[in-house]
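Notes for the one structure printed next.
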Amino acid sequence: MAENFKVTPWEVKGKVDYDQLVKQFGTRHLTPQLLERLEKHSGKLHFMLRRKIFFSHRDLDWLLDRYEKGEKFVLYTGRGPSGDTHMGHLLPWVLTKWLQDKFDAELYFQLTDDEKFLNSGKLGMEDTHRLSYENALDVIAMGFDPKKTFIFSNQDYGKTMYNLALKTAKLTTFSTAKAVFGFDNSTNIGMVFFPAVQAAPCFLPTELKGKNTPVLIPAAIDQDPYWRITRDAAARLGYYKPAAIHTRFLPGLQGPDAKMSSSVPDSAIFTTDTPEAARKKIMKSFSGGAATLAEHKKHGGNPDTDTSCQYLYQMFEEDDGKVKEIFEQYRSGALGSGEVKNMLADKVVAFLVEHQRKREQARKNLDKFMLKD
Ligand code: TYM
C-alpha cells in the first residue's frame, strides 16, 4: 500500500499515521499492562505516558523483567547538532529525565556532530562541533544528574566510538542500509557508515562496565531505523539488544502536519528565542478555531488540530483536569483561540526564562558532564 507520509531519521513528511508506523517498523504499542508495570515502579506515571504521547516501544517488557530481577538499565539518547535546540527536541528529554529520576539510571547522550557535518551542505566540522556544545547546554539545563550523565560529541569521543561502530558496520550490508535508511548511489560514504556510529553507544555501557547492561532509548519514532540494525548486530555480537520507547512528534507551529525545521524560524520555538519572540510565534501559530470570533463562539473549534491546545496537551500542561477543561471549552467555543494562545505563551515564557538561566549556568558545568577521548 502506498503511504502518503514518510518518516526517516532525516525527513518527516505528510500526515503521520502512527498505527501504520508501528506496523511498518515492526515496533509494539505501549499496552495498559506495560504502563501499569511502569507505574508500579515509579509511583505515578508521567503524563506523556498517561496520554500516550510516548506510544510505542521495543522490548520494554524484557527490560522491566530484568529490572525486576535487580538488573539496572542505562538510558541512551542524543541530538544531531545542526542548529539551536527546539521544543520538539526537548520533548523526549523530559521523559528521559523522569526515567533517570524514577529508575536511578545513568544516561549516555550522543551529539552527532559527525553526522551533521556529513549531511549538511553548509555546516563545517567546526560549526557542528560548536553546536554540539551549545546543544549540550540545553541537555544540562534539563536538570540531569551530573554524577550519572555522560554527554559526548562524536568528534571528541571518536576513538571510543569508532572501535564500537566497526562491530555493527561489519555486520550491516549496504543492501540492508539502503533498505532501512533509503541510501542511494549519491549518498556519501560517511553517511553510509554513520548508522554504525549511532549504534555504538548501545554497547558502550556494557564495554565500560565489563558486563552485559540493558539499555533503554527514549526518542521520537524517527530514530527507530537505527535500532533495527543495532538490534540485529547485537544478537550476533553477544550484546543485549537495546530497548526503545518512542514518542510521536510535537507538531510545527504552522499546523498539525507541519514539521519543525531549524532553518524555518517560525516553524518552532527555540530555547534561544527571547520570551517576546516566542510569544509572537505562538500568537501567529496555526489555530483550530473558526474564521471569526463570532463563528467560533457559535460553532466552537478543534483542539485536536489547534497548535496551542496540542502543545499544552503534549508538553506544557501536566494537570489532566485542566487539559480536559481547556479542550472542552475550546470545542464548545467558550474559550477563544487568542485566549488559549495566551495560556500557552504564559507557560512557554515561564519555561524559557528559567531554562535560559539554567542554560547559562551550565556553561560553567560542562566539564562535569562531557566525556572525551
Ligand atoms: P535530532 O537532533 O534530529 O533529534 C533529537 C531528538 O529529538 C527528537 N525529535 C522530536 N521529538 C518530538 N517532536 C519533534 N518534533 C521532534 N523532532 C525531533 C528525535 O527523535 C531525537 O530523539 N541522529 C540523531 C541524534 C542521536 C540520537 C541518538 C537521537 C544520536 N544518538 C539516540 C536519539 C537517540 C538526531 O539527529 O536527532
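First listed ligand is number 1; within each ligand, the first listed atom is number 1.
- Not a single heavy atom of F109 sits under 4.0 Å from any atom of ligand 1.
- Ligand 1 has an N or O atom lying under 3.5 Å from an N or O atom of A220, backbone or side chain.
- Proximity of P92 to ligand 1 is established by a heavy-atom distance of less than 4.0 Å.
- Nearest non-hydrogen protein atom to atom 22 (O) of ligand 1 is A219 CB, 3.4 Å.
- At a heavy-atom distance under 4.0 Å, no atom of Y108 approaches ligand 1.
- Atom-to-atom distance recorded for Q310:CD and L253:CG is 13.0 Å, nearest 0.5 angstrom.
- Within the 4.0 Å heavy-atom shell around ligand 1 one finds K116.
- Under a 4.0 Å criterion applied to the non-hydrogen atoms of I217, ligand 1 contributes the atoms 34 (C).
- At a 4.0 Å heavy-atom cut-off, ligand 1 touches Q198 through the side chain alone.
- Contact check on R359 versus E134 returns a salt bridge, with a Lys/Arg side-chain nitrogen under 4.0 Å from an Asp/Glu carboxylate oxygen.
- Contacts with ligand 1 closer than 4.0 Å are made by heavy atoms of both the backbone and the side chain of T77.
- Of the listed residues (Y76, W93, Y157), just one forms a ring pair (Phe, Tyr, Trp, His ring centres under 6.0 Å) with F109, and that residue is W93.
- The heavy atom nearest to atom 31 (N) of ligand 1, out of those in Y76, W227, F249, is found in Y76.
- Residue R248 places a heavy atom under 4.0 Å from ligand 1.
- With sequence neighbours excluded, the residues satisfying side-chain hydrogen bond (donor to acceptor under 3.5 Å, both in side chains) with S153 are D113.
- Other members of the cluster containing V353 are V349, with ILVMFWY side chains joined at under 4.5 Å, either directly or via other members.
- The residues E106 and K72 are annotated as not salt-bridged, no charged nitrogen and carboxylate oxygen being separated by less than 4.0 angstrom.
- The N/O atoms of Y226, backbone and side chain alike, include none that comes under 3.5 Å of an N/O atom in ligand 1.
- The shortest contact between atom 7 (O) of ligand 1 and any protein heavy atom is with H89 CA, 3.5 Å.
- Here R79 has heavy atoms under 4.0 Å from ligand 1 in both its backbone and its side chain.
- Taking every non-hydrogen atom of D222 and a distance limit under 4.0 Å, the qualifying atoms of ligand 1 come out as 19 (C), 20 (O).
- In this structure, N135 and G83 approach most closely via the heavy-atom pair ND2-O, 3.1 Å.
- Under a cutoff of 6.0 Å and an axis angle of 45°, R66 and F73 do not form a cation-pi pair.
- Note on K13 versus E11: salt bridge recorded, some NZ/NE/NH1/NH2 to OD/OE distance being below 4.0 Å.
- Against a heavy-atom cut-off of under 4.0 Å, T112 is close to the following atoms of ligand 1: 23 (N), 25 (C), 30 (C).
- Heavy atoms of L250 found under 4.0 angstrom from ligand 1 belong to the backbone as well as the side chain.
- Residue nearest to atom 1 (P) of ligand 1, selected from G78, A258, G88, G80: G80 (by heavy-atom distance).
- The nearest protein atom to atom 24 (C) of ligand 1, hydrogens excluded, is given as Q223 OE1, 3.3 Å; this is a heavy-atom distance.
- Residue contacts with ligand 1, taken as heavy atom pairs separated by less than 4.0 Å, do not involve I221 at all.
- Protein heavy atom at the shortest distance from atom 17 (N) of ligand 1 is H86 CE1, 4.0 Å.
- We find that E276 and R279 are not joined by a salt bridge, their nearest charged nitrogen and carboxylate oxygen being 4.0 Å or further apart.
- Hydrophobic clustering places L34 together with W98 (ILVMFWY residues linked when any side-chain heavy atoms are closer than 4.5 Å, directly or through intermediates).
- Geometrically, R51 engages Y313 in a cation-pi contact, judged by NZ or CZ lying under 6.0 Å from the ring centre and within 45° of the ring axis.
- With respect to R236 and D232, no salt bridge is recorded, no charged nitrogen being found less than 4.0 Å from a carboxylate O.
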